Number of protein chains: 2
Amino acid sequence: MPKAAPSPSSDLQPASWEREVRRFIDAGGNTTHAFGLGRLIGRMFALLYLQPGPLSLEEIAARLDISKASASTTIRQLEEWHAVCHRPVEGDRRDYYEAQTDFRVIVKQGLLPGIRQKLGSAGTQIARTLDAEVSGSGQHSASQHPDEIKIIRKRLKVARDLHAKLDGILSSRLLDHFL
Amino acid sequence: MPKAAPSPSSDLQPASWEREVRRFIDAGGNTTHAFGLGRLIGRMFALLYLQPGPLSLEEIAARLDISKASASTTIRQLEEWHAVCHRPVEGDRRDYYEAQTDFRVIVKQGLLPGIRQKLGSAGTQIARTLDAEVSGSGQHSASQHPDEIKIIRKRLKVARDLHAKLDGILSSRLLDHFL
DNA sequence: GGCATCGTTCAGAAAAATCTGAACGATGAT
DNA sequence: ATCATCGTTCAGATTTTTCTGAACGATGCC
């Protein structure tokens, strides 16, 4: 193999396509980053999504210009999100990965559970605070009138109910309809 | 005023309530942070949400143990999200703020527009890449078969359609039903 | 077995996000 | 007009997050 270029596929037309792919990848990274998921996870998924066939870990790292270490940890995240499939290739010991192209799978098995988990701890704390509020009614500071205590309790209940409703929606199959 | 404690309200019962409020505040911060919104914004909203009356900027800073500068920038963010109301108090030049307790307002005017904006740039890039793909069909690297080009185009279209559908849902009043 | 290559882990480096103190303009009180 | 106080801004410091190179165990090949 006389090829030494970092790009695995030999391109006759350096063209704008490669540049566009790079843009696409970065846009993916910015998107996931905007939602608090880190930039690499989006960049990597974008790369795999535009890749018709599976890619090895090293190729991924080369394409994204990151270390093998980062590629390893990030691909694991993508697997947790069900956004990527591990695809064994015969006669090759290396790990090959392919993008999950059915977004319903990603949403239902990755996104929604992830969101639910994040909301979960919030809900736990709301319940806990509400409990402390109710059981220790006389424990508030002297400056707080009974009216104010009532307001607080009301608000906590509203928060609790909202959380419960949200969690219900996210865990039900209601959203399937829209995807 | 003989009081020197950092806590603005004189509490007769140091009690578990103050501690619980602190927990609540931190949980709020962790939640917003988990969704990529920074920790302070959640802490500050949590504080105001448990506060029956409006708080001045300086009180907020003191309660959260942050500088006035941070309080200023964060409250502005909360305002953009419509999560907080500026409430003028007579005979007091200072700015007082109150939590928006109607979550529907926050979701419709803060959350959803914010999400749409973030998705927007992603959608723009998808369209752009799809355009580059279609118009420059012959520009791909030599290693890519016509089949592969077809796959890529298909995927980009799927992504575009998904984005369009999502954006439609988010901009419609469809979600009102659930809140 | 011996060797080469793969993926993973982790301490430390590099980068990015966040926070702050000081300086400033604005506003109202005296 | 003078002064005190408020909110804002921004360069620099601090903290947090992210990334990497080196070391390692595992796995397949010879």
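To find a chain, count down the sequence lines: A is the first, B the second, and so on, and within it residues start at 1. Because only heavy atoms are used, hydrogens play no part in the values below, and waters and symmetry mates are left out as well, while side chains stay in. What you see is a predicted model; the values in this text were computed from it and never measured.
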- [ ] May I ask you to list the residues of residues 80-87 of chain A, by number, that have any heavy atom positioned under 4.0 Å from an atom of DNA chain C?
- [x] none

TODO: Output the distance between atom OG (B/Ser172) and atom CG (B/Asp167), rounded to the nearest 0.5 Å.
DONE: 10.0 Å

- [ ] Write down the atom of A/Ala132, the atom of B/Glu20, and the distance for their closest heavy-atom approach.
- [x] CB-CG, 3.6 Å

Task: Length of the CD1-C1' vector between B/Ile75 and D/dT9, whole Å - done: 17 Å

Open item on the list: Between C1' on D/dG7 and CD1 on B/Ile60, what's the gap in Å once rounded to a whole number?
Closed with: 12 Å

Open item on the list: If you assign A/Arg94 and A/Thr73 each to the DNA chain C nucleotide with the nearest heavy atom, which residue ends up on the more 5' nucleotide?
Closed with: A/Arg94

TODO: Measure from CZ on A/Arg93 to C1' on D/dA26 and round the result to the nearest Å.
DONE: 8 Å

Open item on the list: Nearest to the side chain of B/Glu58, heavy atoms from C-beta on, is which of D/dT8, D/dC6, C/dT8?
Closed with: D/dC6

Open item on the list: Is it the case that the ring center of B/Tyr97 lies less than 6.0 angstrom away from the ring center of B/His86?
Closed with: yes

- [ ] To the nearest Å, give me how far apart CZ (B/Arg39) and P (D/dT16) are.
- [x] 8 Å

- [ ] Find which nucleotide of DNA chain C each of B/Thr74 and B/Gly91 is nearest to by heavy atoms, and output the residue with the more 5' nucleotide.
- [x] B/Thr74

Open item on the list: Please pick, from D/dT20, D/dT17, D/dG7, the nucleotide with the shortest atom-to-atom distance to any side-chain atom of A/Ser70.
Closed with: D/dT20

- [ ] Could you state the atom-to-atom distance from CD of A/Gln77 to P of C/dT8 in whole Å?
- [x] 13 Å

Task: Aromatic plane relationship, B/Tyr49 with B/Phe24 - under 30° parallel, 30 to 60° tilted, over 60° perpendicular - done: parallel

Open item on the list: Could you report the tightest heavy-atom contact between B/His82 and B/Ile106, atom names first, then the distance?
Closed with: O-CG1, 3.5 Å

- [ ] Take atom CD1 of B/Ile41 and atom C1' of C/dC19, then tell me their distance rounded to the nearest Å.
- [x] 16 Å

Task: Whichever of A/Leu40 and B/Tyr97 has its nearest DNA chain D nucleotide further upstream toward 5' - done: B/Tyr97

Task: Gap between atoms CD1 and P, on A/Ile66 and C/dA15 respectively (whole Å) - done: 16 Å

- [ ] Applying salt bridge (Lys or Arg N to Asp or Glu O under 4.0 Å), name anything that partners B/Glu80, two or more places apart in sequence or on another chain.
- [x] none

- [ ] Measure from the side chain of B/Asp95, starting at C-beta and using heavy atoms only, and say which of C/dG7, C/dT20, D/dG7 lies closest.
- [x] D/dG7

Open item on the list: Rounded to whole Å, please give me the gap between NZ in A/Lys68 and P in D/dC24.
Closed with: 15 Å

Open item on the list: Please identify which of these residues, A/Thr32, A/Asn30, A/Asp26, meets the side chain to side chain donor-acceptor pair (under 3.5 Å) condition with A/Arg39.
Closed with: A/Asn30

Open item on the list: I want to check one thing: is the phosphate of D/dT8, taken as OP1 and OP2, less than 4.0 Å away from some side-chain N or O of B/Arg76?
Closed with: yes

